[in-house]
> 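First the structure, then my questions, so here it is.
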Protein chains: 2
Amino acid sequence: MGAEGHVDGTVGKALDVLDMVASHGRPVRFSDLLTQSAYPKATLYRLLQTLTNQGMLAFDAGQGTYALGVRLVRLAHAAWAQSSLAPIARPYLDELAEKTGETIHLAQMDLGQVLYVDKRNASKPVEMFSSAGKVGPAYCTGVGKAMLAFLDEAALQAAISRQSFHRFTPHTLDSPTLLKQELAAIRDRGHGFDREEHEPGIICCAVPILSRQGRVLGAVSVTSTTARTSLGALEESAPLIKDIAARIAAEAESWRFPEQT
Amino acid sequence: MGAEGHVDGTVGKALDVLDMVASHGRPVRFSDLLTQSAYPKATLYRLLQTLTNQGMLAFDAGQGTYALGVRLVRLAHAAWAQSSLAPIARPYLDELAEKTGETIHLAQMDLGQVLYVDKRNASKPVEMFSSAGKVGPAYCTGVGKAMLAFLDEAALQAAISRQSFHRFTPHTLDSPTLLKQELAAIRDRGHGFDREEHEPGIICCAVPILSRQGRVLGAVSVTSTTARTSLGALEESAPLIKDIAARIAAEAESWRFPEQT
DNA sequence: GACTAAGTTTCACATAATGGAACCAAACGG
DNA sequence: CCGTTTGGTTCCATTATGTGAAACTTAGTC
């Protein structure tokens, strides 16, 4: 037994390997995985074999590389449809996009990170999957902070401990202390901002989607650029965003949405 | 579930359970899974626990139901980006959509079924993910038949054995014999049709995407309705679709696309 | 307050994962 | 050309891991 943390059982390891392949972003050689994996040769090999048999990985015989398999895409569709807010929120996002004419993001919390599950792009219409499924930092995005602000103490602590606090721009809040102040302000206001904290020139106004019991289900945001508008102007649509968020929450509630951490 | 053969090891079972949850399409109770799973109570229970720990499933304590977890959505993004034609094909599909003004599908083969990986919708712009990741029958869709037509004998045989040949409409080709005739015609022509074989009123013209060695990478189709146009009219865009398919193939080639069965 | 259905835990047991080492096959280099 | 390295696959004794019948604990019912 290697000195591993909470990787329970064989499936844990298998999924770990999956993640490893995913993180590379392109087909990987066996040896690449071997060097970074801590698993012994034979074990890793069998794990890869199994995953390939199962269609979770695709092996390119020509190049000897492994890539994520299509079975994953199929599963993902189901996952997206049944355990994300996206299908429920769709019409509301459409409405918000039309009314504001700006880019809309719908996100959920996933292990301290922001997981984007849907998007409406102002100018270029279609462009999905490519952005749905993307993850981003929680501490320096509008949706991230909006969700963090309404987590209970334990969950917040867990989430904060997972943040990297990398300083993307001069405006990034790069410490737990600064972040907590900001979160308090967001709780008061009911909405948060991204003041070019993640990318220069990109600003947004975000609102959490809360269940009746105050549980954080997700967040919606309206994004724009400093070139086109200002934070003040964006804030004017805060009531509208809140309305949309509330309606999404209500709909989710009636659909008996599973609680997730 | 003895029907499907090689359930290798624990991960095989775990993934099997995942599929089971996915197939329900909505949160499932433990007992529902139990009745249909053939796994004994305790085993299924532990499997579910593990998957939940791993974030592949989300457990709703309030209702005692399991749903697919968000980790899948995250993985899917990577899968879609690295092992599907979609990211490569995107600009070409845009072009095709613009030129034809019709609905465009991009599909790949997955275990004898058609897996849609991207779509451009004529009228309603955004509506993705909802359809990317969807699967459909191969024997009665344009993209499906276009791909089947260019499989080698072994792969074709394997694929055909997986078809249900359900008679969706009066036009459905509901036997291997009929299908094989049609495939020969498609091979000659270089493009195939859907003559309302899957849904009444829906027709399309589809072209396979082939690698230089003749391997089937996927297929593109232009879809419309009998109300709006005719097969003959659709066929006029066949050369255009072929051109697009060829360009996608070329691009995929240069990107050293992994071969997949 | 007995009865049932749904979910969770236990525990003796056997299967199935483990990993060091041997093996094979290309590529390399002298 | 033949020894050597690198990258990948298979063996096999060892034991950790997963197994599932049955016991148990809730939570609902009548």
Side-chain angles (χ1 to χ4, degrees), chain A residues 1-21 24 26-67 69 256 258-261, chain B residues 1-2 4-21 24 26-69 256 258-261:
Chain A
M1 279 271 290
E4 285 305 291
H6 19 225
V7 183
D8 47 358
T10 318
V11 298
K13 289 175 201 168
L15 295 175
D16 185 33
V17 170
L18 253 197
D19 270 346
M20 235 157 69
V21 176
H24 265 84
R26 62 196 171 71
V28 222
R29 243 179 210 71
F30 175 80
S31 54
D32 299 335
L33 291 170
L34 185 58
T35 51
Q36 75 173 258
S37 78
Y39 296 120
K41 234 186 188 182
T43 303
L44 179 64
Y45 181 69
R46 258 176 299 104
L47 246 25
L48 286 170
Q49 287 243 110
T50 305
L51 288 170
T52 306
N53 275 338
Q54 294 296 326
M56 300 295 279
L57 291 179
F59 180 64
D60 178 351
Q63 302 221 109
T65 56
Y66 295 89
R256 301 306 264 120
E259 324 212 322
Q260 46 197 347
T261 326
Chain B
M1 325 223 85
E4 286 303 301
H6 345 228
V7 182
D8 44 2
T10 317
V11 298
K13 289 175 199 167
L15 295 175
D16 186 32
V17 170
L18 254 196
D19 271 346
M20 237 158 68
V21 176
H24 266 83
R26 61 196 171 71
V28 221
R29 246 185 269 307
F30 174 81
S31 55
D32 299 334
L33 291 170
L34 186 57
T35 52
Q36 76 172 254
S37 80
Y39 297 120
K41 235 185 188 180
T43 302
L44 179 64
Y45 180 70
R46 260 176 297 106
L47 245 27
L48 287 170
Q49 287 245 108
T50 306
L51 287 170
T52 306
N53 276 338
Q54 294 296 326
M56 301 294 281
L57 290 179
F59 180 64
D60 178 350
Q63 303 224 108
T65 56
Y66 295 88
L68 294 181
R256 297 305 266 118
E259 323 211 325
Q260 43 197 350
T261 326

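Proteins come first, then strands; the chains are lettered A, B, ... in the order of their sequence lines, and each starts at number 1. Hydrogens, waters and symmetry mates play no part in the numbers below; they use all other heavy atoms, side chains included. Only a predicted model underlies this, so the values are computations on that prediction, with no experimental measurement involved.
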> Polar atoms only, N or O, under 3.5 Å: list the protein pairs with nucleotides 8-12 of chain D and their distances.
from   : atom 1 : to    : atom 2 : distance (Å)
D/dG8  : OP2    : A/S31 : N      : 3.0
D/dG8  : OP2    : A/S31 : OG     : 3.3
D/dG8  : N7     : A/K41 : NZ     : 2.8
D/dG8  : O6     : A/K41 : NZ     : 2.6
D/dT9  : O5'    : A/Y45 : OH     : 3.2
D/dT10 : OP2    : A/Y45 : OH     : 3.2

> Over all heavy atoms of both residues, which pair between A/Q36 and A/M20 is shortest? Give the atoms and the distance, please.
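Smallest heavy-atom distance, with atoms named: OE1-CG, 3.3 Å.
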> Quick one: pull up NZ in B/K41 and OG1 in B/T43 and give me the separation to the nearest 0.5 Å.
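If we round to the nearest 0.5 Å, B/K41:NZ and B/T43:OG1 are 12.0 Å apart.
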> Using atom CG of B/D60 as one end and atom C1' of C/dG7 as the other, report the distance to the nearest whole Å.
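After rounding, the reported distance stands at 15 Å.
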> Distance check needed: C/dT9 P versus B/L44 CG, whole Å only.
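From B/L44 CG to C/dT9 P: 14 Å.
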> side-chain contact (heavy atoms from CB on, under 4.5 Å) with B/N53: which residues, sequence neighbours excluded?
A/D8
> The criterion is side-chain hydrogen bond (donor to acceptor under 3.5 Å, both in side chains); which residues satisfy it with A/D32, sequence neighbours excluded?
none
> Return the value, rounded to whole Å, for the distance between atom OH of B/Y39 and atom C1' of D/dT19.
13 Å
> side-chain contact (heavy atoms from CB on, under 4.5 Å), that's the test. Do A/V11 and B/V11 meet it? Break it down for me.
CA-CA 5 Å; A/V11 298; B/V11 298; 3.7 Å; yes
> Can you measure from CZ (B/R29) to NE2 (B/H24) and round to the nearest 0.5 angstrom?
10.5 Å
> Please state how far atom CG in B/D16 lies from atom C1' in D/dG18, giving the value in whole angstrom units.
16 Å
> May I ask you to evaluate whether A/T43 reaches the phosphate of C/dA17, defined as a side-chain N or O under 4.0 Å from OP1 or OP2?
no
> Say you draw a straight line from CD of B/Q54 to CG of A/D16; how long is it, rounded to the nearest 0.5 Å?
8.0 Å
> Which whole-number value in Å describes the distance from A/K13 NZ to C/dA17 P?
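Taking atom P of C/dA17 as the reference, NZ of A/K13 is at 10 Å.
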> Return the set of residues passing side-chain contact (heavy atoms from CB on, under 4.5 Å) with B/T52 (not counting sequence neighbours), or none when no residue passes.
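side-chain contact (heavy atoms from CB on, under 4.5 Å) list for B/T52, sorted by chain: B/L57, B/F59, B/Y66.
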> Take the protein atom CG of A/L47 and the nucleotide atom C1' of C/dA16, then report the distance between them rounded to whole Å.
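It is 13 Å, rounded to the nearest whole Å.
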> Can you name the residues that form a side-chain contact (heavy atoms from CB on, under 4.5 Å) with A/L44, not counting sequence neighbours?
A/V17, A/F30, A/L33, A/L34, A/S37, A/Y39, A/L48
> Roughly how far apart, to the nearest Å, are C/dG19 and C/dC23 at atom C1'?
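About 15 Å, rounded to a whole number of Å.
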> With each end axis built from five pairs of C1' atoms, what bend angle do you get for the helix from C/dG1-D/dC30 to C/dA22-D/dT9? Round to 10°.
40°
